[in-house]
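Report on the structure given below.
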Amino acid sequence: MLTKRSYIDGVNPEAELLREGAEWLRAGELVAFPTETVYGLGANALDASACAKIYEAKGRPQDNPLIVHVCNRAMADSLVAFWTPEAELCVQHFWPGPLTLVMSKTTKLPEIVTAGLVNVAIRMPSHPVALRLIEETGLPIAAPSANLSGKPSPTSGSHVWRDMKGKIPLILDSGTCLVGLESTVLDVSGGIPTILRPGGISREQLEEVLGEVQVDAPSETQAPKAPGMKYRHYAPKGEMILMMGSPERIIQRMGREIQKGHARLKKVGVLCSLEVAPFLHNQFPELLFVLGSKNRPEEIASNLFEGLRLCDERGMDLILAEGVEERGLGTAIMNRLQKASGKLTLNI
Ligand code: AMP
Ligand code: MG
């Protein structure tokens, strides 16, 4: 399939490009588009065969349900059986934005969207292109991240191009995404609100509005409530070691690990903070990627997936990554880093 990559204005999206995107979506085809979190791979959520194309293009396991994107409350109403008070509060405070709400679904949605679950995951994105595209289409849009399954989520049009070229008719490209991490997935279908996936809205932010919020602890015996969480997402090809500690200790230990890696003839990539990076230059890692300042987790979040992708593209065999404090957005950053490293964490 011929893939068209159209550059679209992220603030005032061009009407003819939105029309073209909407036409493909209404015709049951896939369109990749930017959101404030990561790029989405969209399909008409009410069309089972359009949604099946998402699984095919991504190589996504069939039991991993899709997040449905809406542009207004009325559209969400048509998909939700009932709104709990917690769900209402979330809508008031966090929509549009990087929060996905898991709620009881109506029968309007095909089974494939929710992978047979009784609940549906819904989000109203804040990115003008995403909102206007859904509006123009007039349909709820199922859209997981627009990457091949197992790769980091795409945070730029170039990432989508590399993963989806030849598989979909249209990519709307407006450069890099602001948040750079996926949305928080919150179960507000009843009982204590439960975070199924940490993301762009932190537990602390949710607790301010909702009071008690719990985090779903994946268990060995029970199926996870968010089926996607059981897969080893975002994993680079090389071995990855995640390091936690003060900048001084990180500098020392990374220096040693770079040397050890080189002695084993490994190409070594480093993902670290602005505070650590200058002290590692003279150790000559093959890739030294600055994620951002330790004082600005938003910066680290927005650069993380680019860094992970670069490690793969440049063929790093060993990746040394510096962790962040698990607080606020840091919790979501650490969740993605831990998944990428397969839980290989060194506390130093
Ligand atoms: P992605 O769209 O690739 O960022 O992944 C969507 C995430 O939301 C996955 O972890 C899914 O398992 C989760 N999810 C989607 N729909 C539901 C649902 N109905 N119930 C629980 N989790 C869901
Ligand atoms: Mg994804």
Side-chain angles (χ1 to χ4, degrees), residues 30 32-43 45 51 54-70 76 79-81 84 87 90 98-125 127 130 140-155 159-160 163-164 177 179-191 193-201 214-216 218 222-235 301 304-305 308-309 332 335-336 339-340:
L30 306 185
F33 61 91
T35 80
E36 72 278 22
T37 58
V38 302
Y39 275 74
L41 182 62
C51 292
I54 291 181
Y55 288 91
E56 197 184 312
K58 282 180 62 85
R60 185 177 177 97
Q62 293 282 341
D63 66 347
N64 192 359
L66 308 173
I67 294 175
V68 180
H69 292 66
V70 298
L79 309 173
V80 174
T84 59
C90 285
L99 180 66
T100 296
L101 301 176
V102 172
M103 296 171 286
S104 183
K105 69 165 185 173
T106 59
T107 49
K108 201 169 172 193
L109 280 168
E111 285 280 299
I112 189 170
V113 173
T114 54
L117 298 175
V118 294
N119 292 333
V120 58
I122 303 187
R123 179 167 104 83
M124 190 192 295
H127 196 296
I141 302 296
S145 47
N147 54 293
L148 292 173
S149 229
K151 283 234 210 168
S153 293
T155 51
H159 296 163
V160 180
D163 280 12
M164 289 298 149
C177 299
V179 179
L181 287 185
E182 301 86 348
S183 61
T184 301
V185 178
L186 183 71
D187 186 333
V188 279
S189 60
T194 305
I195 296 176
L196 306 183
R197 173 178 76 182
I201 298 285
Q214 59 187 20
V215 179
D216 187 43
Q222 268 183 330
K225 286 198 195 134
M229 296 305 279
K230 70 174 177 280
Y231 298 105
R232 183 174 178 249
H233 270 106
Y234 329 109
L304 179 61
F305 289 149
L308 286 172
R309 274 182 180 255
N335 172 271
R336 307 307 190 268
K339 277 178 176 264

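Indexing begins at 1, ligand by ligand and atom by atom, following the structure's order.
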So if I apply the side chain to side chain contact (heavy atoms under 4.5 Å, CB included) rule between Val38 and each of Ser145, Pro152, Ser183, which one comes out positive?
Ser145

Closest to atom 20 (N) of ligand 1 (heavy atoms only, candidates Thr100, Leu181, Val38, Leu117) is Leu117

Between atom CD1 of Ile195 and atom OG1 of Thr100, what is the distance when rounded to the nearest 0.5 Å?
12.0 Å

Atom CD of Gln214: over 12 foreign heavy atoms under 6.0 Å:
yes

If you measure from each non-hydrogen atom of Met103 to ligand 1, which part falls under 4.0 Å: side chain, backbone, both or neither?
neither

Within-cut-off N or O pair, Arg60 and ligand 1, under 3.5 Å:
yes

Could an N or O of ligand 1 be found under 3.5 Å from any N or O of Thr114, whether backbone or side chain?
no

Please check if the side chain of Arg197 supplies one atom and the backbone of Ala332 the other of a donor-acceptor pair under 3.5 Å.
no

Under 2.8 Å from the Mg ion (ligand 2), is there an N/O/S atom belonging to Ser145?
yes

Which heavy atom of Gly180 sits nearest a heavy atom of Phe305, and at what distance?
O-CD1, 3.2 Å

List every atom of ligand 1 that sits less than 4.0 Å from any heavy atom of Pro144, numbering the atoms from 1 in the order shown and giving each element.
2 (O), 3 (O)

Going by atom type alone, with no hydrogens or angles, which donor-acceptor pairs under 3.5 Å involve a side-chain atom of residues 109-125 and a protein atom two or more places apart or on another chain?
residue, atom, partner, partner atom, Å
Thr114, OG1, Lys105, NZ, 3.1
Thr114, OG1, Glu111, O, 3.4
Thr114, OG1, Leu117, O, 3.4
Arg123, NH1, Glu36, OE2, 2.7
Arg123, NH1, Gly97, O, 2.9
Arg123, NH2, Thr35, OG1, 3.2
Arg123, NH2, Thr37, OG1, 3.4

Tell me, please, which residues at least two apart from Asp163 pass salt bridge (Lys or Arg N to Asp or Glu O under 4.0 Å).
Lys151, Arg309

Arg197 contact mode with ligand 1 (heavy-atom cut-off under 4.0 Å)
side chain

Side-chain touch Pro198/Val215, heavy atoms, less than 4.5 angstrom
no

With heavy-atom distances below 4.0 Å as the criterion, list the atoms of ligand 1 near Asn119.
19 (N)

Asn64, any N or O under 3.5 Å of ligand 1 N or O
yes

If you count the atoms of ligand 1 from 1 in the order shown, which ones are under 4.0 Å from a heavy atom of Ser145?
2 (O), 3 (O)

For Ala121, atoms of ligand 1 separated by under 4.0 Å from a heavy atom:
15 (C), 16 (N), 17 (C), 19 (N)

